[in-house]
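Input: a single structure, listed below in structure tokens.
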Amino acid sequence: MSSDDRLRIAETFASLQGEGGLSGVPSFFIRTTGCNLRCEWCDTPYTSWEPEGEWQRVDELVEAVPSGMRHVVVTGGEPMLWSSLPALTAALRARGCHVTIETAGTIYQDLTCDLMSVSPKLSNSDPGPARSASVREDHRTSRIDRDVLRRLIDGFFCQLKFVVAEPSDLGEIEAVLAELPAVAPATVMLMPLGTTREELAARGPWLAALCRERGFRFSPRLHIELWGDRRGT
Ligand code: SF4
């Protein structure tokens, strides 16, 4: 998107990491805006369907990290869209930060980070019948890129996070995993779809049972459970 040292940023905030293996860890979030996918249930539509945000330089973003805050999460949207992302993650690590990148895993960049948190999108993310055929087709053909996923798994310390809507999604997850380099089951995390406590409570028990049965890790959505679907959390 850009070849200079700026990124378009939807928001920055300090909170607790809500998902994945670092759930509960105090973290500073840098949320880029813009995404190449269009998931129907996107919980940050202000970074995808209707992207908004201001341009910020890498040095401004690094300076915005509160002193004493070690963990920084660069999320989106799709942060891998930004050509200035490698400069940002390198500068954050030079400052001593632990850097997580949260990506859907459809774009590769040569960069440095401590954790690549990859969330491949399943067919349950289809933009929905109210959207145009071309939007749905673009999403369908680009939501999984096996070559990019292989490069990310081979090149980074990764966790794989899948958003699960129905028990039948498990078959799709296992089909995707079968085409990728072997990963430890404990680095594969299943997360219930939901932006309300009620949705998470409805899906949590059967998803937890499936994780126990298949050896996958259950990921909460701690920020939703604590604060609901609110920006800046
Ligand atoms: S990949 Fe993430 S940011 Fe992009 S549309 Fe899907 S849920 Fe939203």
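By convention here, the first residue in the shown sequence is residue 1. When a ligand or atom number is given, it counts from 1 through the structure's own listing order.
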Can you see whether E78 engages T106 through a side-chain donor-acceptor pair at a distance of less than 3.5 angstrom?
no
Strictly distance-based, threshold 3.5 Å: is any side-chain N or O of E199 a donor or acceptor partner for the main-chain N or O of P192?
no
Judged by atom type as modelled, is there a donor-acceptor pair below 3.5 Å linking the side chain of R143 to the main-chain atoms of K121?
yes
Check residues 154-163 and write down every donor-acceptor pair under 3.5 Å in which the side-chain atom is one partner and the other belongs to a residue at least two apart or another chain.
unit_1 : atom_1 : unit_2 : atom_2 : d
Q159   : OE1    : G21    : N      : 3.0
Q159   : NE2    : S117   : OG     : 2.9
K161   : NZ     : E19    : OE1    : 2.8

Residue and atom name of the nearest protein heavy atom (relative to atom 3 (S) of ligand 1), distance in Å to one decimal
G77 N, 3.5 Å
Should R93 and D114 count as an ion pair when the cut-off is N to O under 4.0 Å?
yes
When you check the gap from the basic side-chain N to the acidic O, do R140 and D126 get nearer than 4.0 Å?
no
Starting from atom 6 (Fe) of ligand 1, count all protein N, O or S atoms within a radius below 2.8 Å.
1
